[in-house]
Amino acid sequence: MAHLLQILVPTPAHSNLRGPLSYTSEEALPQGSIVKVPLGKREVLGVVYGEAQVFEPESTQAKAYNYKPIGAHLEGLTPLGADWMDLVEFTANYYQRSMGEVAIAALPAPLKTLTGAQIQKKLKKWQAQQTQADQADATAKESSSNSPAAQVHRTLSTEQEQALQTIQSQEGPFLLFGSTGSGKTEVYLQCIEALLDQDPQAQVLIMVPEINLTPQLEQRIRERFRRQLRPSAFVTLHSELTPAQRLNAWLAAHFDHAQIILGTRMSIFASIPRLKLIVVDEEHDASYKQQEGARYSARDLAVYRASITRSKVILGSATPSLESWYHTLETRPSSIEEGPAKSKRARYLRIDMPSRIGDAQLPELNRVDMNYQPKYTLISEPLLKAMREKIANNEQVLILLNRRGYSPVLYCSGCGWKSQCKHCSAFKVFHKADRTLRCHHCGDTQRVPRQCPTCANQDINMLGLGTERLEETLKEALSDLSRPGQSGVEVLRIDADSTKTKDSLKNQLERVHRGEVDVLIGTQMIAKGHDFRRVTLVAALEVDSALFSNDFRATERLFALLMQAAGRSGRDANFKRDSAPELWVQTFNPQHPMFQFLKTHDFPGFAQSQLLERQGANMPPFCSQALIKAESRTQENAQRFLNEIKALSHQVIVGLVERGLLASDEDIFIYSPIPMSMRKVANVERAQLLMESKSRKHLQLFLAELKEVMHTSKLNATTVQRWVIDIDPQSL
Ligand code: ADP
Ligand code: ZN
Ligand code: ZN
């Protein structure tokens with residue numbers, strides 16, 4: 001007997017084919033089965049959705065549609081679980097994409113390209129490898145049974161103990177709000193240990209912003225669970241794995257062989273049938289938001305996935321996102337009109353760990369008012385003096401500057417020429433090492449001109465400071481200094497330019513950890529997560545642009561960055577030093593209110609002030625936003641397209657009000673199209689259209705309807721090269 005199957009296939013983002021497609025099959029394959037099916041001229045991967053129906057070839061429907069039969073069924077792969085299907089469906093609906101696109105993008109690439117038989121072979125090989133690795137480990141463990149047990153867990157501090165108990169006794173979701181160095185990681189690890197003791201089959205997903213930035217974490221986890229788990233029960237999932245490695249890790253999780261899955265945002269879509277706990281470390285980090293395809297927030301999906309699988313979820317941060325923070329407040333006025341009288345219960349349970357482990361102190365804030373420094377000062381005298389003291393004392397200094405290259409702009413004092421990129425609305429950056437001008441957006445590179453390209457003036461000036469120049473300046477300024485027992489002062493720069501080759505980041509970080517480096521210069525990539533033991537001074541340069549940005553989240557991000565950076569300093573209570581840890585900021589705006597909160601390490605105060613501001617201006621989290629972005633050869637075309645969408649939106653809203661689905665046409669607000677802040681990249685003009693509503697539900701309803709109408713209306717998308725919807729955009 002033949003059957004009719006609904007199958008999710010990778011349909012293009014904006015095509016009319018959004019739901020599953022029908023195919024015939026001899027077998028009534030269960031939901032979640034992975035198959036190959038013909039689509040147009042190609043054969044693609046598909047996932048069975050819903051229940052099979054009996055197929056009657058003689059029915060009028062069958063005759064009318066001429067269904068095609070499925071290709072291979074990948075038999076060795078057990079079907080994907082109902083929770084996975086649910087997650088995919090939710091993601092597709094919420095982020096306005098097709099289910100097939102989300103489902104297939106979430107599966108490892110080799111499944112798409114290999115034939116059924118090849119996959120069977122891979123599976124067998126994989127299983128043999130796992131068994132072998134685990135046997136080898138078991139033998140090793142036996143023969144070393146009297147060596148010290150691998151990493152016994154630590155005695156928890158009172159705060160950690162309380163956090164652990166709360167997580168074990170309550171439902172969550174939990175927001176673990178712990179200072180940098182308060183031992184959040186230890187809490188995650190002990191939660192997992194307790195879970196595995198109680199349920200030895202359980203699977204855990206630990207998400208981190210970027211794995212390569214914190215290689216220590218992977219090591220720490222591996223060693224920690226040697227007692228409870230086979231070595232192959234630990235896998236990582238991130239974009240830098242080779243396709244084969246990724247397939248193996250994916251299979252390990254899918255066959256519940258892997259029990260700890262450490263991954264970046266993409267790992268939220270791993271198939272994890274026995275999932276019991278999700279940890280989202282540094283939950284505020286922007287890299288949890290996917291920037292292409294379905295623009296999902298892995299953090300938000302983690303909360304959803306936990307709810308449908310009845311898993312616990314811990315979001316951890318020293319500087320939570322204002323969204324998450326808002327969800328922990330018991331009295332959350334949902335809008336200004338409704339006022340604080342109408343309150344909601346908190347959605348997340350907040351757990352505080354304000355103290356650092358041991359006696360480790362949080363650093364003191366020093367602001368250098370750059371208005372009183374000589375013009376063109378790069379590093380102010382007081383900061384330099386403080387650095388010299390630390391170095392002389394054998395302590396380390398970390399300097400954050402979020403601009404790589406030597407100088408961000410070159411300009412001619414004769415005619416005003418600037419090193420503008422021809423293809424982008426950005427300047428080309430001067431890189432001294434290879435004497436080039438490079439655009440960091442489109443990659444266009446040229447040799448640095450010897451004279452002004454327009455007026456032949458020989459006197460070309462540099463504007464501003466990049467990491468290369470900072471490195472050079474500091475090497476010079478500190479050249480007279482030597483450390484006890486060492487030769488000169490060691491200055492190391494870590495940024496995207498210095499870490500291009502494989503392992504270079506790892507090697508550079510190891511040098512810092514070994515204490516070979518006195519001054520570490522870097523972009524924000526070094527501000528996160530590292531446990532630099534001997535750093536006692538952290539300085540941040542050029543922070544002012546973020547204080548007055550058009551993007552309302554810029555201050556929040558800067559505050560988080562500075563708090564995180566501050567957290568790199570003074571982490572080791574046992575590290576003997578005479579002076580307290582210090583955080584330095586050079587700024588032209590020392591009176592900015594943010595610094596008051598930074599000075600007292602007062603995240604709750606900062607969050608409160610930001611939330612009040614956002615409430616007053618009716619910005620997220622007090623409203624939900626969606627952004628439609630369009631790209632075209634000309635700005636005019638991009639905006640014209642968005643204006644058509646705007647007009648269509650008004651029709652949709654009126655329709656929804658008429659049908660009683662929206663209370664009023666003021667429920668949804670549509671702004672006017674504007675150029676994006678990076679208006680042009682690689683000769684493509686970009687514009688955006690912002691839409692918002694106080695109700696997330698209403699916005700969802702509206703967007704779903706809008707997409708529908710866009711498909712049926714004669715909207716002229718030919719003048720744009722690309723357009724996308726970004727739900728809950730993280731930058732404007
Ligand atoms: P966080 O993730 O909150 O920044 P970590 O978990 O990395 O903090 O802990 C900071 C430091 O304190 C680490 O070096 C860690 O090994 C140590 N640590 C954490 N908990 C304990 C504990 N209970 N006893 C001793 N040291 C601890
Ligand atoms: Zn000139
Ligand atoms: Zn460019």
Side-chain angles (χ1 to χ4, degrees), residues 3-52 67-93 95 97-126 237-239 241-255 263 266-273 290 292-294 296:
H3 294 87
L4 200 59
L5 299 177
Q6 301 296 308
I7 298 188
L8 303 175
V9 292
T11 44
H14 302 307
S15 86
N16 276 319
L17 307 172
R18 271 154 302 146
L21 303 183
S22 302
Y23 291 87
T24 59
S25 155
E26 282 307 310
E27 261 183 284
L29 299 176
Q31 165 164 285
S33 302
I34 305 177
V35 293
K36 300 268 176 156
V37 294
L39 181 69
K41 290 199 179 95
R42 296 178 304 150
E43 176 161 80
V44 297
L45 199 61
V47 177
V48 176
Y49 176 76
E51 267 179 49
Y67 299 114
K68 289 188 188 140
I70 63 165
H73 167 218
L74 306 185
E75 280 168 55
L77 296 173
T78 44
L80 294 154
D83 67 303
W84 189 88
M85 301 294 286
D86 183 335
L87 178 70
V88 163
E89 186 157 12
F90 174 82
T91 306
N93 288 338
Y95 294 101
R97 311 294 289 204
S98 81
M99 268 186 84
E101 183 200 3
V102 174
I104 304 307
L107 297 174
L111 290 186
K112 297 165 208 168
T113 47
L114 299 178
T115 65
Q118 285 170 320
I119 290 172
Q120 295 302 338
K121 236 171 103 185
K122 289 234 169 218
L123 250 175
K124 284 224 176 73
K125 194 171 146 205
W126 170 76
L237 258 181
H238 53 93
S239 56
L241 297 180
T242 64
Q245 288 172 325
R246 199 167 143 189
L247 176 65
N248 283 348
W250 187 89
L251 289 171
H254 179 65
F255 285 104
M266 65 188 275
S267 63
I268 191 60
F269 288 112
S271 162
I272 313 176
Q290 167 73 2
E292 46 193 67
Y296 62 85

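Please read all numbers here as calculations on a predicted model, not as lab measurements.
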task = Sequence neighbours left out, what passes ring pair (Phe, Tyr, Trp, His ring centres under 6.0 Å) with His3? Give chain and number order.
result = none

message = Please enumerate all residues that pass ring pair (Phe, Tyr, Trp, His ring centres under 6.0 Å) together with Trp250, with sequence neighbours excluded.
response = His254

All side chain to side chain donor-acceptor pair (under 3.5 Å) counterparts of [X], not counting sequence neighbours:
X      : value
Thr24  : none
His238 : none
Ser25  : none
Asn93  : none

Closest contact, heavy atoms only, Met85 versus Leu8 = CE-CD1, 4.0 Å

key: Distance-minimising heavy-atom pair for Thr11 and Glu101   = O-CB, 4.0 Å

Kindly write out the residues that satisfy side chain to side chain contact (heavy atoms under 4.5 Å, CB included) with [X], not counting sequence neighbours, or none if the list is empty.
X      : result
Thr91  : Leu87, Tyr95, Val102, Phe269, Tyr296, Leu301
Thr242 : Ala244, Gln245
Lys121 : none
Pro79  : Pro30, Ser33

Rounded to the nearest 0.5 Å, what separates atom [atom1] in [X] from atom [atom2] in [Y]?
X      : Y      : atom1 : atom2 : value
Leu123 : Leu77  : CG    : CG    : 5.5 Å
Ile7   : Leu29  : CD1   : CG    : 7.5 Å
Ile34  : Ser271 : CD1   : OG    : 8.0 Å

ask   = Quick one: side-chain hydrogen bond (donor to acceptor under 3.5 Å, both in side chains) pairs with a partner in residues 39-51, sequence neighbours left out?
value = Tyr49-Glu89

query = Is there side-chain contact between Leu111 and Leu247, with at least one heavy-atom pair below 4.5 Å?
reply = yes

query = Could you walk me through whether Val35 and Val47 pass the side chain to side chain contact (heavy atoms under 4.5 Å, CB included) check?
reply = CA-CA 6 Å; Val35 293; Val47 177; over 6 Å; no

note = Residue pairs meeting salt bridge (Lys or Arg N to Asp or Glu O under 4.0 Å), one or both in residues 20-38, sequence neighbours left out, come to none

